[in-house]
Amino acid sequence: MKLVLITAIASFEKDVKKMLKEAKVASYSYRDVKGFRDASEESVGDNWFGSEMNETDSVMFYAFILQHHLDVLLEKITVFNKKQESTSKVHLAVLSVEKYN
């Protein structure tokens, strides 16, 4: 059993839900969150937004899933991210669960 955390910009919400369904993840939770990026260390020319502090409407999903579903989900997210022309990607973090009830 693994605990996965997925973060993405809000406009990717439907895409993430579709990937979860295709990976046969039947139960998950999600919520709207504010993504934050401190760009104060970047030069003005490299900073698309032209300001030091950027907040983005984002979404975070979390679910307990089996390893074979995780493998499918990871592949789906990898393929999705490779197709994106924007700098924003879907991010997946995996945590091992030693005990659960």
Value rounded to 0.5 Å, distance of CG in Asp57 from OG in Ser11: 9.5 Å
Linked, directly or transitively: Leu3 and Val33 (ILVMFWY side chains, under 4.5 Å): yes
Atom pair CZ (Phe61) and OG1 (Thr7), whose distance is rounded to the nearest 0.5 Å: 10.5 Å
Test ring pair (Phe, Tyr, Trp, His ring centres under 6.0 Å) applied to Phe80 - qualifying residues, sequence neighbours left out: Phe12
Approximate separation, where rounding is to 0.5 Å, of Glu13 CD and Lys17 NZ: 4.0 Å
Verdict with supporting geometry, Val4 and Val25, side-chain contact (heavy atoms from CB on, under 4.5 Å): CA-CA 11 Å; Val4 296; Val25 177; over 6 Å; no
Backbone of Lys89 reached by a side-chain donor or acceptor of Asn81 within 3.5 Å: no
4.5 Å side-chain heavy-atom contact, Asp15 and Val90: no
Gap between atom CG of Leu73 and atom NZ of Lys24 - 0.5 Å precision: 13.0 Å
Path from Tyr62 to Tyr28 over hydrophobic side-chain contacts below 4.5 Å: no
Shortest non-hydrogen contact between Gly35 and Ser58, atoms and distance: N-OG, 3.5 Å
Spacing of Lys2 atom NZ and Leu70 atom CG [to the nearest 0.5 Å]: 7.5 Å
Shared hydrophobic cluster for Ile65 and Val97 (ILVMFWY, side-chain gaps under 4.5 Å): no
Candidate pair Ile77 and Met19, rule side-chain contact (heavy atoms from CB on, under 4.5 Å), full reasoning: CA-CA 7 Å; Ile77 290 174; Met19 289 184 274; 3.8 Å; yes
Which atom of Ser27 lies closest to which atom of Ala63, heavy atoms considered: O-CB, 3.6 Å
Separation between CG of Leu66 and CE of Met1, rounded to the nearest 0.5 Å: 5.0 Å
Heavy-atom side-chain contact between Val16 and Lys14 under 4.5 Å: no
Result of checking Val72, Thr78, Asp71 against Leu74 for side-chain contact (heavy atoms from CB on, under 4.5 Å): Thr78
Cluster link Leu5 to Ile9, ILVMFWY, side chain under 4.5 Å: no
